[in-house]
Amino acid sequence: MKIKLLNIAHGRSGDKGDAANIGIIAYDDKGFEKIKKELTTEKVKKHFEGICFGEVERFELPNIRALNFLLHNTLGGGGTVSLKHDAQGKTLAAALLRMEIDS
Amino acid sequence: MKEKIKIASGQGFWGDLIDAPYNQVTKGDVDYLVMDYLAEVTMSILQKQKNKNPKLGYAKDIPELMKRILPICKEKNIKVITNGGGVNPIACAESVVEVAKNLGIKNLKIAVVLGDDIKGRIDDIIFKGCELNNMDTGDSIIPIKEKLLSANVYFGAFPIVEGLQKGADIVITGRTTDTGLTLAPMIYEFGWKENDFDLLSAGTIAGHILECGAQSSGGNFLGDWQTIPNMAEIGFPIAEAYPNGEFIITKHPNTGGKVSFATVAEQLVYEIGDPKMYITPDCVADFTTIKLEDLGNDRVRVYDIKGKPATESYKVSCSYESGYSAFASLTYSWPQALTKAKAADQILRKRLENLNLKFEEIRTEFVGYNSCHGPLSNENDEDKINEIMLRIGVRSNDYNSVERFGKEIAPLILTGPPSVTGFAGGRPKPSEVVAYWPALIPKTLVKPEVKLIEL
């Protein structure tokens with residue numbers, strides 16, 4: 001059965017120049033094991049096809065059951081250069097939480 | 001040495017809740033009020049203001065705010081630390097002196113941190129062998145140096161500490177790291193040293209939690225956000241800090257919002273890169289060592305933080321002119337709202353093409369459909385879409401092209417698809433695009449200077 005990532009995690013996103021940062025935090029230890037397994041850089045890159053045009057980097061923060069992703073070349077130039085409605089990637093954490101994973 | 005100090009966050013950015021700092025100094029006891037006003041874009045805006053009037057270039061909210069809180073801070077001995085001095089911290093301090101005089105306040109000491117503004121020294125710095133290479137692309141700054149609007153070094157906590165040691169009631173800085181504002185009072189009160197990297201990292205992480213205001217006390221919380229109580233009267237975060245580097249994140253009683261493991265954790269992952277390498281001028285903090293304990297009642301204990309020595313460089317934030325942009329929007333209603341908006345976009349693009357205008361980018365988004373999540377957006381049955389806002393942005397080095405784009409929007413109402421509204425406020429005007437240039441500079445090439453102004 002598939003579930004939405006939204007059901008087992010929350011998070012926050014923002015900008016670092018033209019890169020977006022997306023932090024995803026699991027609600028419990030079981031959820032953290034699941035996101036560590038499911039949220040590979042390849043899957044995240046594929047999920048953001050047409051949004052992220054650069055490399056995806058992944059970092060682990062097991063102490064707070066979190067993963068942090070840097071999505072390069074994602075914000076249309078960043079800052080005031082970007083023409084995007086969401087130029088700072090504020091809604092991209094929610095966009096990642098749309099992902100469906102095995103329950 | 002004090003056993004603990006309470007540091008209150010008063011602003012998460014320039015434009016945050018006006019009453020937040022007032023509430024922080026009146027709704028409970030605190031020792032320090034720290035306020036971050038500077039985003040990357042802010043410095044260029046302030047530089048433009050200073051170019052027009054040498055007495056401007058700082059956060060104009062500060063004198064207004066000081067009128068309200070200075071008597072309270074003097075009475076309760078609350079020290080104020082802010083980077084709202086922008087590109088003109090001296091003028092900012094003078095405006096506060098003026099306020100204090102009008103209020104009849106005496107014995108006021110304001111420390112001003114200077115030396116971060118290197119815009120006038122670029123040639124000298126290049127001559128000394130530092131070409132301020134772009135941290136993302138590696139390119140030298142030389143080709144864009146004539147277009148620079150601002151160039152500022154990020155200083156850390158220690159210049160602020162020097163100001164506090166000189167007896168300052170208020171410390172006003174230019175480009176200081178957001179985290180340094182919170183770390184400085186801990187160094188000063190607890191006697192931490194420049195090589196106490198674990199302690200400096202702890203204070204830095206406290207700063208990271210406070211620097212975006214209510215984002216750690218229930219604001220912009222993506223967890224179960226509907227359970228956050230009374231967001232209308234949200235309390236801003238307070239760090240209750242101890243000499244051993246432990247601190248508790250909390251907020252004043254009888255305020256809205258919530259401080260919990262989850263609200264603090266969300267702020268911890270905000271705008272970070274490699275969590276083991278959170279680089280500041282003061283230390284390199286390791287976010288993977290942080291331990292969080294939810295004590296209940298809006299108190300979260302943060303402890304066991306480890307860090308590493310600071311690097312040999314300061315970060316530099318430069319901004320430069322990079323052409324013009326303009327935005328326009330029109331709203332289309334049911335039926336076929338999305339189809340109409342897409343048709344209007346095609347008509348507009350054809351007209352722009354026929355006019356031979358030059359654009360680096362034209363971007364179309366459909367608000368109500370895909371402007372946030374792009375290709376991830378659900379395909380809806382169009383009959384269920386009530387309305388769509390067409391949003392178009394253009395960017396060009398050619399001012400005339402951007403200006404002409406602005407003249408092509410309103411005509412779409414009478415010469416395009418039907419049931420369209422929402423055009424107000426006249427033709428969109430070109431605005432200057434400010435691009436951002438991050439670089440590093442050896443610490444030996446810049447020296448912070450602390451000046452004391454006494455009343």
What part of [X] is in contact with chain B, defined as an atom under 4.5 angstrom from a non-hydrogen atom: side chain, backbone, both or neither?
X: A/Ile64; answer: both
X: A/Arg58; answer: neither
X: A/Lys90; answer: side chain
X: A/His72; answer: neither
X: A/Phe69; answer: neither
X: A/Asn68; answer: side chain
X: A/Ile22; answer: neither
X: A/Ala19; answer: neither

> Donor-acceptor pair, A/Asn63 side chain versus B/Phe287 backbone, under 3.5 Å?
Replying inline: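 Here the side-chain-to-backbone pair exists.
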
> Just by modelled atom types, is the B/Cys372 backbone N or O under 3.5 Å from a matching donor or acceptor in the A/Asp86 side chain?
Replying inline: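 Absent.
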
Tell me the closest heavy-atom pair linking [X] and [Y], and the distance in Å.
X: A/Leu83; Y: B/Glu361; result: CD1-O, 3.6 Å
X: B/Arg395; Y: A/Val81; result: NE-O, 3.1 Å
X: A/Glu49; Y: B/Pro375; result: O-CG, 3.5 Å
X: A/Ala66; Y: B/Val269; result: CB-CG1, 4.0 Å
X: B/Leu222; Y: A/Ala93; result: CD1-CB, 3.8 Å

Name the option with the most non-hydrogen atom pairs under 4.5 Å to chain A; the candidates are [options].
options: B/Leu292, B/Thr289, B/Ile290, B/Asp136; answer: B/Ile290
options: B/Ser322, B/Gly374, B/Ser371, B/Gly273; answer: B/Gly273
options: B/Glu365, B/Lys276, B/His373; answer: B/His373
options: B/Thr288, B/Asp224, B/Ile272; answer: B/Ile272

> Less than 4.5 Å apart, any side-chain heavy atom of B/Asn378 and any of A/Arg98?
Replying inline: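 Contact flag for B/Asn378/A/Arg98 side chains = yes.
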
Atom pair [atom1]/[atom2] of [X] and [Y] - distance to nearest 0.5 Å:
X: A/Leu96; Y: B/Leu376; atom1: CG; atom2: CG; value: 9.0 Å
X: B/Glu271; Y: A/Gln88; atom1: CD; atom2: CD; value: 7.5 Å
X: B/Phe327; Y: A/His85; atom1: CZ; atom2: NE2; value: 10.5 Å
X: B/Thr263; Y: A/Arg12; atom1: OG1; atom2: CZ; value: 8.0 Å

Chain A contact via [X] - side chain, backbone, both or neither, heavy atoms under 4.5 Å:
X: B/Phe261; value: side chain
X: B/Ser431; value: neither
X: B/Arg363; value: both
X: B/Ala39; value: neither
X: B/Glu360; value: neither
X: B/Leu268; value: side chain
X: B/Val264; value: neither

> Is atom NZ of A/Lys43 surrounded by more than 12 heavy atoms (other residues, nucleotides or ligands) closer than 6.0 Å?
Replying inline: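 More than 12 heavy atoms, drawn from other residues, nucleotides or ligands, come within 6.0 Å of this atom.
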
>> Tell me which of these, A/Gly79, A/Gly23, A/Gly77, has more heavy-atom pairs under 4.5 Å with chain B than the rest.
In response: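 Of A/Gly79, A/Gly23, A/Gly77, A/Gly23 has the most heavy-atom pairs under 4.5 Å with chain B.
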
>> Using a 4.5 angstrom heavy-atom cutoff, name the option from A/Arg65, A/Glu57, A/Glu60 with the most pairs to chain B.
In response: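 Most heavy-atom pairs within the cutoff with chain B belong to A/Arg65.
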
